[in-house]
Amino acid sequence: MSSSVLGKGRTALVTGASRGIGPLIAAQIAREGGHVVLTGRSADDLKTVTAALTAAGADVSFIPADLTQPGAAEALVRDIEREHGGIDLLVNNAGGDPLREFHTMTMQENLRTLQLNLIAPLALSHAALPGMLGRGRGHIINISAMAGRVSFPYTEAYSAAKDGLIGFTRVLRGDYHARGVSASVLILGAIRGAGQGQRMLDESGMKASSFMAPAESVARAVTKAVKKDRAELVIVPGPGRLLRAIMDYLPALGPALNRAAGATTTMQRIIEQRKATADAAA
Ligand SMILES: NC(=O)c1ccc[n+]([C@@H]2O[C@H](COP(=O)([O-])OP(=O)(O)OC[C@H]3O[C@@H](n4cnc5c(N)ncnc54)[C@H](OP(=O)(O)O)[C@@H]3O)[C@@H](O)[C@H]2O)c1
């Protein structure tokens, strides 16, 4: 069913496509044919990515948008429907976390994290669904994270959002699958090669560990989830779904592993480093 959302004559929207993993996802979808609309806040970065993908033979365009702004999701979907006739594949990839201690962030800052990682995907799905249902085809891919499962340090609001995204995707898939619109969630472990995980490695001077999956594997998982119509894919090296199930069964295991692997200490160091850089720049 869902493979019909890829290929010639189809349109995909990829959020968070200005940098990190998003451009790789956009490139992977574009290789199937069809048009890909990229979005993110930075028009300059979107222009650069669009030029590189176009030079590689992809059919892409971009629309800048700040998805934390009220009405931005609806306006984006409206613009794409007007320009391209509809959205067949929506990839809710934009996301991230400021990596600060929960109690030192204002509630406004925590709400912004929820808005970017949870509310924006809901709003985009809500705005795109009527068109998808009208055409009898559509697929929504939500990019979540293992953070919520393993209790990754200093990610309270981010974890709440990413776990929420898993529940949202399951219900969405259950409710609309029979009407031709599917949904899948990709649950990412730490990713190397591009994106926030790689930036942390670069900042801390650490090398990528064998527990990190390459960014390209996320892009490949997007088209796999569509073609095989998978409800959920876990992107970690090794038996990801088993790991996730064990983390659910043994909730104390994740924090213990993080402490043993030094993740808590490393995150504290990165928080301090970033604060020192910001203070020096102020
Ligand atoms: N990399 C990892 O290790 C990892 C692990 C688990 C999960 N994930 C998830 O994978 C997804 C991609 O992550 P990444 O590592 O590629 O992140 P990234 O390098 O930080 O890129 C984030 C993307 O989101 C966009 N974005 C940020 N704030 C936005 C806003 N207010 N409105 C619209 N767009 C916004 C950014 O573009 P602008 O700055 O131009 O707006 C950028 O394109 C995220 O959902 C992340 O949570 C990543």
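Residues take their numbers from the sequence shown, with the count starting at 1. Every number for a ligand or one of its atoms is a count from 1 in the order of the listing. Predicted model, so just to flag it, every value in this text is computed and none were measured.
Residue-to-ligand polar distances place Ile191 within reach of ligand 1: an N/O pair is separated by less than 3.5 Å. By the 3.5 Å distance cut-off applied to N or O atoms, Leu67 is counted among the residues near ligand 1. For ligand 1, the polar-atom distance check finds no N/O of Leu188 at less than 3.5 Å from any of the ligand's N/O atoms.
Ligand 1 has no atom lying under 4.0 Å from any heavy atom of Pro64. Residue Lys162 places a heavy atom under 4.0 Å from ligand 1. For Ala215, the closest heavy-atom approach to ligand 1 does not fall below 4.0 Å. Between Asp45 and ligand 1 there is no heavy-atom distance shorter than 4.0 Å. The closest approach between any non-hydrogen atom of Arg192 and ligand 1 is not below 4.0 Å. The shortest heavy-atom distance from Arg199 to ligand 1 is under 4.0 Å.
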Could you go step by step and tell me if Asp44 and Ser42 meet the side chain to side chain donor-acceptor pair (under 3.5 Å) rule?
CA-CA 5 Å; Asp44 284 350; Ser42 165; 5.6 Å; no

Run Asn258 and Thr264 through side chain to side chain donor-acceptor pair (under 3.5 Å) and show every step you take.
CA-CA 6 Å; Asn258 278 327; Thr264 309; 5.9 Å; no

Given the rule in the side chain to side chain donor-acceptor pair (under 3.5 Å) test, do Thr223 and Gln28 qualify, once you have shown the distances and angles that lead to the verdict?
CA-CA 7 Å; Thr223 47; Gln28 176 78 20; 3.1 Å; yes

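The minimum heavy-atom distance between Arg149 and Met247, with the atom names listed, is O-CB, 4.0 Å.
Looking from atom 22 (C) of ligand 1 to the surrounding protein, the closest heavy atom is Gly95 O, 3.6 Å. For atom 33 (C) of ligand 1, the closest heavy atom belonging to the protein is Ala65 O, 3.3 Å. Remark: minimum distance from atom 16 (O) of ligand 1 to any protein heavy atom is reached at Ile21 N, 2.8 Å. From the protein, the heavy atom lying nearest to atom 43 (O) of ligand 1 is Ser18 OG, 2.8 Å. Protein heavy atom in closest approach to atom 25 (C) of ligand 1: Gly16 CA, 3.7 Å. Annotation: atom 5 (C) of ligand 1 to nearest protein heavy atom, Gly189 O, 3.2 Å. The nearest protein atom to atom 7 (C) of ligand 1, hydrogens excluded, is given as Tyr158 OH, 3.4 Å; this is a heavy-atom distance. For atom 48 (C) of ligand 1, the closest non-hydrogen atom on the protein side is Gln196 NE2, 3.6 Å.
Checked for salt-bridge contact, Asp229 and Arg173 meet the test: a charged N lies under 4.0 Å from a carboxylate O. For Arg199 and Asp202, the salt-bridge test fails: no basic side-chain N is under 4.0 Å from an acidic carboxylate O. Classification of Lys8 and Glu32 as a salt-bridged pair fails, no side-chain N sitting under 4.0 Å from a carboxylate O.
Against a heavy-atom cut-off of under 4.0 Å, Ser144 is close to the following atoms of ligand 1: 7 (C). With ligand atoms numbered from 1 in the order given, ligand 1 contributes 14 (P), 15 (O), 16 (O), 19 (O) to contacts under 4.0 Å with heavy atoms of Gly195. Residue contact check: Gly197 has heavy atoms under 4.0 Å from atoms 1 (N), 2 (C), 3 (O) of ligand 1.
When the shell of 6.0 Å around CZ of Arg274 is examined, it contains more than 12 heavy atoms from other residues, nucleotides or ligands.
Contact annotation for Leu116 and ligand 1: only side-chain heavy atoms (C-beta onward) come within less than 4.0 Å of the ligand. With a heavy-atom cut-off of 4.0 Å, Ala17 touches ligand 1 through its backbone alone. Counting heavy atoms under 4.0 Å from ligand 1, residue Gln115 does not touch it at all.
Under the side chain to side chain contact (heavy atoms under 4.5 Å, CB included) rule, Leu13 has a single partner from Ile29, Val36, Leu38, Leu90, which is Leu90.
Inter-residue side-chain proximity for Ser184 and Leu233 is flagged as unmet; no heavy-atom pair is nearer than 4.5 Å.
With values rounded to the nearest 0.5 angstrom, Leu118 atom CG is found 10.5 Å from Asp163 atom CG. Expressed to the nearest 0.5 Å, how far CD1 of Ile87 lies from CZ of Arg135 amounts to 8.0 Å.
Looking only at atom types and distance, the side chain of Thr50 has no donor-acceptor partner in the side chain of Thr54 under 3.5 Å away. Checking Thr15 against Asn92 by side-chain atom types alone, no donor-acceptor pair falls below 3.5 Å.
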